[in-house]
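Accompanying notes for the structure given below.
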Amino acid sequence: MKLPQRFVENMKTILGSELDDYLASFEQPGFRGLRVNTSKISVEEFLRISPFRSLKRVSWTPNGFFYTEEDEPTRHPYYYAGLYYIQEPSAMTPASVLPVAEGERVLDLCAAPGGKATELGAKLNHTGLLVANDASASRTKALLKNLEVFGLPNILVTSEMGDKLGRYFHAYFDKILIDAPCSGEGMFRRQPHMIAAWEKQGPEVFAKMQREILDQAAELLRPGGMMLYSTCTFSQLEDEGSVDGFLTRHPDFHLEDIPLCEGFCLGQPALLGSRHPLEKCVRLFPHRIDGEGHFLALLRREGECGPEPVPTPAKNRPVKLPAELEDFLQDVSMPVDRACLQIRGTKVFLMPEGVGAYPGLRFLRAGLYMGELLKKRFEPSQALAMVLKKEEYASTIDLPATDKRIIRYLKGETIEIEEDESTRSEGWQLVCVDGYPLGWGKLIRGTLRNKYFSGWRMNS
């Protein structure tokens, strides 16, 4: 692989005598990783049922594992049940390092396609609020799918710039993650086409963008809150340089220590002549770890005050729920606060407590999409199926992963069900694999009409 000479010279400045080892890493194969969704399954239980023989723990992420190409985890039903997410191993570090606790208000500012956001949401464990934002409207479609596959109910998926969010969420969030757009130097091995983009734009373009994003995020973080800044570049201008400039502009922030794992490197303030303790930043290089590389900086805002109140969002007027919706909810044991239900046209949403649809913000999703009211019937959504646990719906069909009907179901086909395989002989069924929901079906005289969302179906 031919690397730009300017890039090689920059890396020599950063790595010194380790440059040859770094360059040699380009001749080595990359690493594949999956991250267990701990809001659905514990790591211990996943290892017990996992069909993958080659799993090896990622030392810096408690729920991360390496796998090999032969495992094909994206073809297994557990992938469709949202039990894990496919993620490059070093990219697991940002969401792992940010200490999110249940009940908090969390923002992923540059969230698409959702690798970090899904882990932040899993840490919240159906509590608090996750706002997953990306400035690119087209990229938020993949983001929404990944959040819904993971079964995350308390979400807002937005597509705005940070300054627009600031009008509604000033000093609101307990934790913010910024995996910033960058020159992507850490992706050169996996995606060689990034080299041409680097030569065209270079770190300078992205450093300016990162400065703006960081400044916008600062306005969204409450006093005492924490913010994780990360990139997949090795550029000092974009990494320590961005953090150094931010700390100079925002003296009410300081760097927090990040626990070091084997192979992690400290930040390098000396090369910048900085007065800030940039050695508290962390660098991951591909010749030192089994991954492509990353940069991390954990920042805390001074103060202990709670979040400022948010302008009261517009809410639907209280309405009596349609009988068909109430009838369906009788079979759902998951807590559903009727006061948080909103009906928009024919669609029904369950909003996080105290949150509504904010006028003027561009949403792809606000709350949990429950389903649709159609001609005196209610059709539950794919998103609702993924949020539910097997025991939270009155009628289920639970098949083992080895049953060929599971693959046929995921491909959208009609399947036959034996009398003893369903809780009820007719009506809506929550279809599960080894106890983990996949989607809906409607059982009529032993035949399951497939209601698995067409946009998610397994390709042949």
Side-chain angles (χ1 to χ4, degrees), residues 94 98 104-114 116-117 120 129-141 143-144 147 155-183 201 203-231 233 237-239 241-254 297-303 305-314 352 354-366:
L98 186 63
E104 290 187 322
R105 299 165 171 176
V106 180
L107 169 66
D108 189 344
L109 190 54
C110 309
K116 283 86 174 171
L120 298 176
L129 174 68
L130 173 66
V131 177
N133 177 78
D134 201 275
S136 170
S138 61
R139 284 167 53 84
T140 55
K141 294 178 182 179
L143 169 62
L144 174 60
L147 294 171
I155 61 171
L156 302 180
V157 180
T158 60
S159 182
E160 294 288 1
M161 301 300 290
D163 57 347
K164 182 74 171 290
L165 292 175
R167 302 176 196 174
Y168 300 86
F169 298 108
H170 177 73
Y172 178 74
F173 294 101
D174 300 289
K175 305 287 166 57
I176 297 176
L177 191 146
I178 308 164
D179 192 48
C182 67
S183 58
Q201 292 186 308
E204 293 77 14
V205 171
F206 289 97
K208 181 178 182 297
M209 188 186 308
Q210 291 152 4
R211 170 178 175 154
E212 294 172 354
I213 292 172
L214 278 163
D215 288 347
Q216 291 165 358
E219 298 301 315
L220 299 166
L221 188 69
R222 69 166 177 84
M226 299 179 75
M227 184 164 73
L228 192 287
Y229 172 74
S230 66
T231 74
T233 183
L237 182 64
E238 300 176 70
D239 292 344
S242 289
V243 175
D244 186 61
F246 176 80
L247 291 172
T248 299
R249 297 189 304 276
H250 298 272
D252 57 332
F253 279 77
H254 66 265
L298 185 59
L299 299 145
R300 184 188 290 273
R301 189 177 181 185
E302 304 290 351
C305 298
E308 293 185 9
V310 176
T312 303
V355 173
Y358 299 93
L361 276 185
R362 185 167 53 175
F363 285 94
L364 190 65
R365 176 72 78 243

Flag the pair [X] and [Y] as a salt bridge only when some basic side-chain nitrogen lies within less than 4.0 angstrom of an acidic carboxylate oxygen.
X: Lys116; Y: Asp108; value: no
X: Glu212; Y: Lys208; value: yes
X: Asp174; Y: Arg105; value: no

A side-chain contact here means heavy atoms from C-beta on lying under 4.5 Å apart; do [X] and [Y] qualify?
X: Lys164; Y: Arg362; value: no
X: Leu143; Y: Leu147; value: yes
X: Tyr168; Y: Leu361; value: yes
X: Phe173; Y: Leu109; value: no
X: Pro113; Y: Arg139; value: yes

Reported CD-to-CG distance for the pair Glu219 and Leu165, which is rounded to 0.5 angstrom:
12.5 Å
Between atom CZ of Arg300 and atom CG of Leu228, what is the distance when rounded to the nearest 0.5 Å?
12.5 Å
Does the separation of the ring centres of Phe246 and Tyr229 fall below 6.0 angstrom?
no
Polar side-chain atom of Ser159 near backbone of Asp134 as donor-acceptor pair, under 3.5 Å
yes
Any donor and acceptor pair, going by atom type alone, linking the side chain of Arg301 with main-chain N or O of Leu221 inside 3.5 Å?
yes
Going by the side chain to side chain contact (heavy atoms under 4.5 Å, CB included) test, name the single residue among Ile213, Asn133, Leu177 that passes it with Cys110.
Ile213
[X] and [Y]: which non-hydrogen atoms are nearest, and at how many Å?
X: Leu156; Y: Ala366; value: CD2-CA, 3.7 Å
X: Met227; Y: Ala217; value: SD-CB, 3.5 Å
X: Met161; Y: Gln216; value: C-OE1, 4.4 Å

We want to know whether Glu238 and Thr231 form a side-chain donor-acceptor pair, criterion being a heavy-atom distance below 3.5 angstrom.
no
